[in-house]
There are 2 protein chains.
Amino acid sequence: MFNKETEYALRGLVYVQIQQLKGLKPGIIEIAKEIDAPLFYTGKIMQRLVKMGFLLSTKGKGGGFYFDLNKEDLPLKTVIQAIEGGKAYSGCGFGLNSCNEDQPCSLHEQYAPIRDAINKLVSLNSVQSLARDYNDGDDILLKREKTID
Amino acid sequence: MFNKETEYALRGLVYVQIQQLKGLKPGIIEIAKEIDAPLFYTGKIMQRLVKMGFLLSTKGKGGGFYFDLNKEDLPLKTVIQAIEGGKAYSGCGFGLNSCNEDQPCSLHEQYAPIRDAINKLVSLNSVQSLARDYNDGDDILLKREKTID
DNA sequence: ATATTAAAAGACCAAAAGGTCTTTTAATAT
DNA sequence: ATATTAAAAGACCTTTTGGTCTTTTAATAT
Ligand code: FES
Ligand code: FES
């Protein structure tokens with residue numbers, strides 16, 4: 001669905017928000033462990049997210065990542081677009097030059113509603129809404145135990 | 001949506017089928033030009049498809065690519081899976097360990113129907129059905145003229 | 001036979017994605 | 001002030017994806 005960087009970014013952001021709801025400010029080591037992502041890579045990605053302005057951080061003792069409470073909710077789409085670019089889920093399913101209604105490909109009629117649904121999903125869901133959902137009970141959002149076979 | 005190799009493969013297969021309906025047997029040079037893909041890369045991909053048993057080819061004069069008429073229609077999904085592997089559109093939208101109903105993530109309820117729709121689309125549409133649709137009139141399946149700006 | 005044609009095989013290359021690690025900078029606590 | 005802590009910066013590496021090109025093999029036509 002998404003590439004690794006986007007996946008780790010979304011999971012990391014949601015994890016930070018979950019902790020923030022508990023009044024905590026997690027660091028890279030904790031985040032990487034909890035979202036089950038490579039430590040240094042997670043660090044790099046979180047730093048990129050800070051530079052992009054999606055969240056804040058402080059260095060030193062007691063430091064970590066946190067959200068500016070004055071900012072509005074961050075839709076998944078905003079993060080996805082910032083990392084993967086606008087082409088994600090905006091183009092033709094068949095790889096033609098940008099999909100449109102006037103010159104639809106054979107798959108357009110079937111694909112367009114799917115693409116619209118994906119767009120809706122990532123627009124309506126935010127880092128904050130997912131974190132709130134998570135807080136409501138289930139503990140399987142970020143890291144799932146591998147089923148024993 | 002798909003990676004380049006899958007895109008070129010699908011376009012190439014559909015193009016071969018379209019030509020076959022006209023009694024023709026296109027070669028790499030023609031295919032690459034018509035589907036607007038890199039010549040040598042197209043060649044490599046078409047060869048891989050032959051080796052995978054999706055279509056046939058003959059060398060030498062009058063040679064080219066064609067389908068075994070005795071075989072049944074080739075669903076897009078079969079091609080996609082052969083190239084990109086089974087993980088495509090079978091996993092969790094959030095990157096957890098394989099999506100399932102028992103331990104759904106926060107997005108599962110919204111994502112599952114989308115994933116199912118994609119699966120249905122690539123299962124119900126085949127190289128042959130797309131080629132037949134194409135033959136019905138519109139000429140924009142494989143290569144679209146860039147709109148003048 | 002042999003010249004021609006076109007796919008098959010495979011070596012090779014470039015860019016992007018994914019990932020690791022060290023050094024530097026900025027907080028905080030003592 | 002200085003030791004400690006943790007993010008920032010950035011060099012570096014590996015794998016995958018995407019792509020190019022040459023050589024070989026197998027058809028066909030003369
Ligand atoms: S034109 Fe191909 S999906 Fe819209
Ligand atoms: S468990 Fe995440 S989409 Fe199904």
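Predicted model only: the values in this text are computed from it and were never measured. In what follows, chains are A, B, ... by sequence order, proteins preceding strands, each numbered from 1. Just so it is clear, the values below take in all heavy atoms, side chains as well, and ignore hydrogens, waters and symmetry mates.
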Legend entry - Spacing of A:M52 atom CE and A:I45 atom CD1 [to the nearest 0.5 Å]: 9.0 Å
Inset, instruction - Specify the separation, in whole Å, of atom CD of A:Q47 and atom C1' of C:dA26. - result: 13 Å
Legend entry - Minimum-distance nucleotide (side-chain atoms of B:K59 versus C:dG18, C:dA6, C:dT22): C:dA6
Inset, instruction - Remember a base hit wins even if backbone is also touched, and classify A:I29 as base, sugar-phosphate or nothing at under 4.0 Å, heavy atoms. - result: nothing
Legend entry - Watson-Crick or G-U counterpart of C:dC13, or none if no pair lies under 3.5 Å: D:dG18
Legend entry - Selection from C:dG19, D:dA7, D:dG19 that lies nearest to any side-chain heavy atom of B:Y8: D:dG19
Legend entry - Rounded interatomic separation in angstrom, taking CD from A:E7 and C1' from C:dG18: 12 Å
Legend entry - Pairing partner of D:dA26 (Watson-Crick or G-U wobble, both distances under 3.5 Å): C:dT5
Inset, instruction - Check A:K25 against A:G62 and note the closest heavy-atom contact, atom names and distance. - result: NZ-O, 3.7 Å
Inset, instruction - Round to a whole Å and report the spacing from CG of B:L39 to P of D:dT20. - result: 8 Å
Inset, instruction - Grab the CZ-P distance between B:F40 and D:dT17 for me, whole Å please. - result: 23 Å
Legend entry - B:E84 (side chain) donor-acceptor with B:N3 (main chain) under 3.5 angstrom: yes
Inset, instruction - Quickly work out the B:I45 CD1 to C:dA7 P distance and round it to whole Å. - result: 15 Å
Inset, instruction - Let me know the distance between CD of B:E5 and P of C:dA17, rounded to the nearest Å. - result: 17 Å
Inset, instruction - Carefully, step by step, assess B:Q17 and B:Y134 under the rule side chain to side chain donor-acceptor pair (under 3.5 Å). - result: CA-CA 10 Å; B:Q17 178 62 44; B:Y134 177 86; over 6 Å; no
Legend entry - Atom-pair distance (NZ on A:K61; C1' on C:dT28), nearest Å: 7 Å
Inset, instruction - Confirm from the modelled atom types if B:K4 and D:dT17 form a donor-acceptor pair under 3.5 Å, side chain to base only. - result: no
Inset, instruction - Would you mind telling me which residue lines up with the more 5' stretch of DNA chain D, A:K44 or A:S57, judged by nearest nucleotide? - result: A:S57
Legend entry - Which residue lies more 5' along DNA chain C, comparing A:T42 with B:F65 via nearest heavy atoms: B:F65
Inset, instruction - Let me know which of A:D73, A:T78, A:V79 forms a side-chain contact (heavy atoms from CB on, under 4.5 Å) with A:P75. - result: A:T78
Legend entry - Assigned partner base of C:dC21, Watson-Crick or wobble definition, under 3.5 Å: D:dG10
Inset, instruction - Determine the contact category for A:G43: base if any of its heavy atoms lies under 4.0 Å from a base atom, sugar-phosphate if only primed atoms, P, OP1 or OP2 are that close, otherwise nothing. - result: nothing
Legend entry - B:Y41 side chain near D:dC21 phosphate (N/O to OP1/OP2, under 4.0 Å): no
Legend entry - Whole-Å distance separating the CG atom of A:N3 from the P atom of C:dA16: 14 Å
